[in-house]
Enquirer: 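Structure below; questions to follow.
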Amino acid sequence: MDLSITVNGITFPNPFLLGSGPPGTNARVIAKSYDAGWGGAVAKTISLESAKVVNVVPRYGKLRSRTSGEVIGFENIELISDRPIDVWLEEFRQVKKDYPKHILIASIMEEYEKSRWQELTRMVQDTGVDAFELNFSCPHGMTERRMGSEMGEHPDLCEEVTSWVTEVSNIPVWAKMTPNITNIKEPSLAAVRGGAVGISAINTILSVIGVDLNTLRPMPTVEGHTVPGGYSSQAVRPIALRMVSQLALGLPQDVSISGIGGIENSHDALEFFLLGSSTVQLCTGVMLHGVKMIDELKEGLEKFMVDKGFNSVQEIVGKSLGYFSTLMDQVHKMKAAKRTKAGEASRDNEWAQKDITEKTAELTSN
Ligand SMILES: Cc1cc2nc3c(=O)[nH]c(=O)nc-3n(C[C@H](O)[C@H](O)[C@H](O)COP(=O)(O)O)c2cc1C
């Protein structure tokens, strides 16, 4: 069955992408995911100077179900890629040469300086990647250098930085937004004003995964101390779905949405398509379950399309958006339904209480 979808002029073999993070940490793992059947990958975020990026260990923390032990929430304090830009450029070239039909999206991030953003954009675009994803959303670490969500929390910065990139880019530009903000539509619309044709949402939610009751240290603990990190995995999915639906209802129709947050199977992914995502990205799910999960994702999507009579993935996109309303409207609808029901009941009563001949006479004109 054809699961392809064309988004911003790019044809994805299927709508399932690796999200930026460990699943797209180098060319080898990206190639492996394409071999496994993924439609595309957003590589780990890169910047001009990898030497400035120093990751700590441990940098992950898990929240488990009290009953089954299953991981339902995941915190990370990981930064962007610490691999040199030259290595990345060579790998992007190689991946596009070996897998011309698979989609490769470069996630980029820089300090608040036009020349840096434009230099990075030019260098990366020369490798033949299919699109850019601007990381306006990493919630920890990079913010100390005014990068990541430090930009995504300020619509004016989102617009300005996006316009720097689109000024020199000739491939589609998506902006990846932070959920750590009251109204995700505002910075997203600003990025669109700056020339973004797609919005990716959501990045991680600021969190503290727990406190060790023996040592009294909040976790994850590095040399006795912690910083709040980014929360992902199943627990964030309802928040991501809400934000994706708000974007789908509030952005111009031609802006695409790549849905992210807590997706682990085809059921989860379908919810994102129905609420307006044309593609979906998985990060923590792949870290926990491996790239083979693509088999179930594709099989589940195919089965749904057959069962419900959809001929293309595009037909599913946004299909459930019409069912959002306001509380006031729901109250009106409920009252109207009650009145109709009451009307039907009283008619039934009348028929039951009267003799049929009497009722016939009542309804006859002559
Ligand atoms: C360990 C880890 C590292 C991540 N690194 C990046 C990154 O470099 N760039 C980025 O845009 N998002 C990064 N993310 C965020 C994910 O791409 C994704 O937006 C988020 O985790 C929610 O999706 P999920 O529940 O499928 O993981 C990272 C997430 C995790 C868990």
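Both ligands and their constituent atoms are indexed starting at 1 by order of listing.
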Enquirer: Tell me the protein heavy atom at minimum distance from atom 13 (C) of ligand 1, and give that distance in Å.
Expert: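 For this ligand atom, the closest protein heavy atom is S20 O, 3.0 Å.
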
Enquirer: Check each of K97, K96, R83 against E91 using the salt bridge (Lys or Arg N to Asp or Glu O under 4.0 Å) test, and report the only one that passes.
Expert: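 Testing each of K97, K96, R83 against E91, the sole residue satisfying salt bridge (Lys or Arg N to Asp or Glu O under 4.0 Å) is R83.
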
Enquirer: Quick one: which ligand 1 atoms are inside 4.0 Å of a heavy atom on G21?
Expert: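 That gives atoms 4 (C), 5 (N), 6 (C) of ligand 1.
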
Enquirer: Hey, which atoms in ligand 1 end up nearer than 4.0 Å to a heavy atom of N135?
Expert: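 What qualifies from ligand 1 is 9 (N), 10 (C), 11 (O).
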
Enquirer: For atom 27 (O) of ligand 1, what is the nearest protein heavy atom, given as residue, atom name and distance?
Expert: T284 OG1, 2.5 Å

Enquirer: Near G261, which atoms of ligand 1 are under 4.0 Å from a heavy atom of that residue?
Expert: 22 (C), 23 (O), 25 (O)

Enquirer: If only atom types and distance count, is the side chain of E75 paired as donor or acceptor with the main-chain N or O of I209 below 3.5 Å?
Expert: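 Present.
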
Enquirer: How far is atom 1 (C) of ligand 1 from its nearest protein heavy atom, and which residue and atom is that?
Expert: Y60 CE2, 3.4 Å

Enquirer: For the pair W174 and F132, evaluate side-chain contact (heavy atoms from CB on, under 4.5 Å) and give the outcome as yes or no after the intermediate values.
Expert: CA-CA 6 Å; W174 294 356; F132 282 114; over 6 Å; no

Enquirer: Are W88 and F92 close enough that their ring centers fall under 6.0 Å?
Expert: yes

Enquirer: Give a yes/no on ligand 1: does G262 have at least one heavy atom closer than 4.0 angstrom to it?
Expert: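 G262: in contact with ligand 1 (<4.0 Å).
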
Enquirer: If you have a sec, work out which protein heavy atom is nearest atom 5 (N) of ligand 1 and how many Å separate them, to one decimal?
Expert: K44 NZ, 2.9 Å

Enquirer: Which of the atoms in ligand 1, numbered in the order shown and given with their element, are less than 4.0 Å from a heavy-atom of P22?
Expert: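 Selected atoms, number and element: 1 (C), 2 (C), 3 (C).
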
Enquirer: Starting from atom 30 (C) of ligand 1, locate the nearest protein heavy atom and write down its residue, its atom name and how far away it is, to 0.1 Å.
Expert: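 Protein heavy atom at minimum distance: N76 ND2, 3.3 Å.
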
Enquirer: Report the part of T45 in contact with ligand 1, treating N, CA, C, O as backbone and CB onward as side chain, heavy atoms under 4.0 Å; options are side chain, backbone, both, neither.
Expert: both

Enquirer: For the aromatic rings, using the six-membered ring if either is Trp, is the centroid distance between F310 and F304 under 6.0 Å?
Expert: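 Yes - the distance between ring centres of F310 and F304 falls below the 6.0 Å cut-off.
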
Enquirer: Count the heavy atoms belonging to other residues, nucleotides or ligands that lie under 6.0 Å from NE2 of H289, then report whether that count exceeds 12.
Expert: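 Yes, the 6.0 Å shell around NE2 holds more than 12 heavy atoms from other groups.
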
Enquirer: Answer yes when K333 and D329 have at least one side-chain N-carboxylate O distance shorter than 4.0 Å, and no when they do not.
Expert: yes

Enquirer: I'd like to check which ligand 1 atoms, numbered from 1 as shown, lie under 4.0 Å from a non-hydrogen atom of I260.
Expert: 18 (C), 19 (O), 22 (C), 23 (O)

Enquirer: Quick check on I202 - does any of its heavy atoms sit under 4.0 Å from an atom of ligand 1?
Expert: yes

Enquirer: Distance under 4.0 Å to a non-hydrogen atom of S233: what atoms of ligand 1 satisfy this?
Expert: 25 (O)

Enquirer: Pick one of side chain, backbone, both or neither for how K176 approaches ligand 1, counting any non-hydrogen atom pair under 4.0 Å.
Expert: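 Side chain only.
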
Enquirer: Please determine whether a side-chain nitrogen of the Lys or Arg among E296 and K303 lies less than 4.0 Å from a carboxylate oxygen of the Asp or Glu.
Expert: no

Enquirer: With a sphere of 6.0 Å drawn around CD of Q330, does it hold more than 12 non-hydrogen atoms of other residues, nucleotides or ligands?
Expert: yes

Enquirer: Just to confirm my output: which protein heavy-atom neighbour is closest to atom 15 (C) of ligand 1, and how far is it?
Expert: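 The answer is N203 OD1, 3.4 Å.
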
Enquirer: What protein heavy atom is closest to atom 26 (O) of ligand 1, reported as residue, atom name and distance in Å?
Expert: C283 N, 3.1 Å

Enquirer: Identify the closest protein heavy atom to atom 20 (C) of ligand 1: which residue and atom is it, and at what distance?
Expert: T204 CG2, 3.7 Å

Enquirer: Please test D2 against V313 for side-chain contact (heavy atoms from CB on, under 4.5 Å), starting from the C-alpha separation and ending with a verdict.
Expert: CA-CA 8 Å; D2 182 9; V313 178; over 6 Å; no

Enquirer: Under 6.0 Å from the NZ atom of K32, do we count more than 12 heavy atoms belonging to anything else shown?
Expert: no

